[in-house]
Amino acid sequence: MNTSMKGKRGLIMGVANDRSIAWGIARALHEAGAELAFSYQGEAFGKRLEPLAASVGSDFMVDVDVTDDASLDAAFEALGARWPTIDFVVHAIAFSDKSELTGRFLNTSRANFKNSMDISCYSFIEVARRAHPLMKENGGTLLTLTYQGSNRVVPSYNVMGVAKAALEAATRYLANDLGPDGIRVNAISPGPMKTLAGAAIGGARKTFKHTEQNAPLRANATLEAIGGTAVYLASDAGACTSGEIIRVDGGYHVLGMPQADNL
Ligand SMILES: NC(=O)c1ccc[n+]([C@@H]2O[C@H](COP(=O)([O-])OP(=O)(O)OC[C@H]3O[C@@H](n4cnc5c(N)ncnc54)[C@H](O)[C@@H]3O)[C@@H](O)[C@H]2O)c1
């Protein structure tokens, strides 16, 4: 099985700090030999990213707000100017107003619905369209991050569940559109992680503890395990996998009810 990423290069979007899922993926891709570029959202995140990027040998950072087409255009122009082709893009970006990540889904506002869908789902399509010209010669991999709140009700996940369901459907449609050019499109679905975005969801601590106590492996996901899955998907080892949602959740998704000890 060839999991080497030597000679492959690509863009990591969504590192906010060293707990970010995107950072776990970046580290694993770097260890496998990949060359990395990073995008960050605004100056403050840029400052935090700089030493992290340097630690994996990268000085290639671009400021991208995915709701701003011009910043996306500029980022992919810069990418194309530096590298004529790329092999992967990791899209680890999501947002919803924190005030709606608690309480009843019924109260979702139109404004937050639109914004959550735009940032957490539509942006992946915008990214894929811009990555396509840089990948179509040699093929490549597009990766996004989802969560099982897409197909099961997870209290407080609310509008993010709808956005993730749309993102998973977009993953399948993009996989079909881009497959003829050798571009694979997949999503990783980790269990709950202690990140900035994760902490915004109501009851995050309880959810973390609950999955740790009940998942078949009695463990939550780790950045290393998510990173390893990303390496599999981005490397030649994953050559025939596309349109897939791969769970990295200690097996939690197979449960019909909590473990007997925890009832
Ligand atoms: N933390 C979890 O429990 C968990 C579980 C499953 C899936 N995920 C998903 O993983 C992905 C990464 O999240 P994370 O948990 O690592 O949290 P994180 O807070 O570290 O990363 C979220 C990133 O999204 C970026 N972002 C938000 N709005 C943006 C915008 N308009 N333009 C550009 N970037 C923007 C932030 O800057 C940040 O870097 C998200 O898609 C999230 O839904 C998280």
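The figures that follow rest on heavy atoms only: side chains count, while hydrogens, waters and symmetry mates do not. We count ligands from 1, going down the list as the structure has it; atoms in each ligand are counted the same way. Numbers here simply count residues along the sequence, with the first being 1.
Checked options Asn158, Asn115, Asn112; the residue passing with Ser96 is Asn112 (criterion: side chain to side chain donor-acceptor pair (under 3.5 Å)).
The closest non-hydrogen atom to atom 5 (C) of ligand 1, taken over Ser96, Ser120, Ala94, Gly191, comes from Gly191. Between the choices Ser20, Ser116, Ala16, Ala92, the shortest heavy-atom distance to atom 22 (C) of ligand 1 belongs to Ala92. Nearest to atom 6 (C) of ligand 1 by heavy-atom distance, out of Thr146, Asn220, Leu145, is Thr146. Across Lys164, His91, Met193, heavy-atom proximity to atom 41 (O) of ligand 1 is greatest for Lys164.
Atoms of ligand 1 found under 4.0 Å from any heavy atom of Pro192, numbered from 1 in the order shown, are 3 (O). For ligand 1, the atoms closer than 4.0 angstrom to any heavy atom of Leu196 are 19 (O). Applying the 4.0 Å criterion to heavy atoms of Gly198 picks out, from ligand 1, the atoms 1 (N). The atoms of ligand 1 that sit less than 4.0 Å from any heavy atom of Phe45 are 37 (O). Heavy-atom proximity to Pro190, at under 4.0 Å, picks out these atoms of ligand 1: 5 (C), 6 (C), 7 (C).
Rounded to the nearest 0.5 Å, atoms CG (Leu11) and CZ (Arg130) are 12.0 Å apart. Taking CG of Leu101 as the reference point, atom CD1 of Ile201 lies at 6.0 Å (rounded to 0.5 Å).
Of the protein's non-hydrogen atoms, the one nearest atom 31 (N) of ligand 1 is Asp65 OD1, 3.0 Å. Distance from atom 15 (O) of ligand 1 to its nearest protein heavy atom, with residue and atom name: Thr195 OG1, 2.5 Å. Here the heavy atom of the protein found nearest to atom 24 (O) of ligand 1 is Ile93 CA, 3.6 Å. Remark: minimum distance from atom 26 (N) of ligand 1 to any protein heavy atom is reached at Gln41 OE1, 3.4 Å. In terms of protein heavy-atom proximity, atom 21 (O) of ligand 1 is closest to Gly14 O, 3.5 Å. Looking from atom 13 (O) of ligand 1 to the surrounding protein, the closest heavy atom is Ala197 CB, 4.1 Å. Protein heavy atom nearest atom 4 (C) of ligand 1, with residue, atom name and distance: Ile21 CD1, 3.8 Å.
Using a 4.0 Å cut-off between heavy atoms, Ile119 contacts ligand 1 through its side chain alone, with no backbone atom that close. With a 4.0 Å heavy-atom cut-off, ligand 1 is reached by the backbone of Val64 but not by any atom from C-beta on. Residue contacts with ligand 1 for Asn17 are absent, since no atom lies close enough (heavy atoms, distance under 4.0 Å). The residue Trp23 has no part lying near ligand 1, judged by heavy-atom distances below 4.0 Å.
Annotation: Arg82, atom CZ; neighbour count of heavy atoms from other residues, nucleotides and ligands within 6.0 Å is above 12. Open room surrounds CD on Glu137; 12 or fewer heavy atoms of other groups in view lie less than 6.0 Å from it.
Judged by a 6.0 Å distance limit and a 45° cone about the ring axis, Lys8 is not positioned over the six-membered ring of Phe88.
Looking only at side-chain heavy atoms (C-beta outward), Asp249 and Thr211 stay at 4.5 Å or farther from each other. Looking at Phe124 and Thr171, their side chains come closer than 4.5 Å, going by heavy atoms from C-beta outward.
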Between Glu35 and Ser58, is a side-chain hydrogen bond (donor to acceptor under 3.5 Å, both in side chains) present by the stated rule, with each step listed? CA-CA 7 Å; Glu35 250 186 290; Ser58 173; over 6 Å; no
Check step by step if side-chain hydrogen bond (donor to acceptor under 3.5 Å, both in side chains) holds for Ser150 and Tyr157. CA-CA 9 Å; Ser150 60; Tyr157 202 59; over 6 Å; no
side-chain hydrogen bond (donor to acceptor under 3.5 Å, both in side chains), that's the test. Do Arg184 and Thr141 meet it? Break it down for me. CA-CA 5 Å; Arg184 298 183 287 109; Thr141 297; 3.3 Å; yes
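A continuous path of ILVMFWY side-chain contacts below 4.5 Å connects Trp83 to Leu72, so both sit in one hydrophobic cluster.
Ring pair Tyr252/His210: centre-to-centre distance below 6.0 Å.
In terms of polar-atom proximity, defined here as any N/O pair under 3.5 Å, Val66 does make such a contact with ligand 1.
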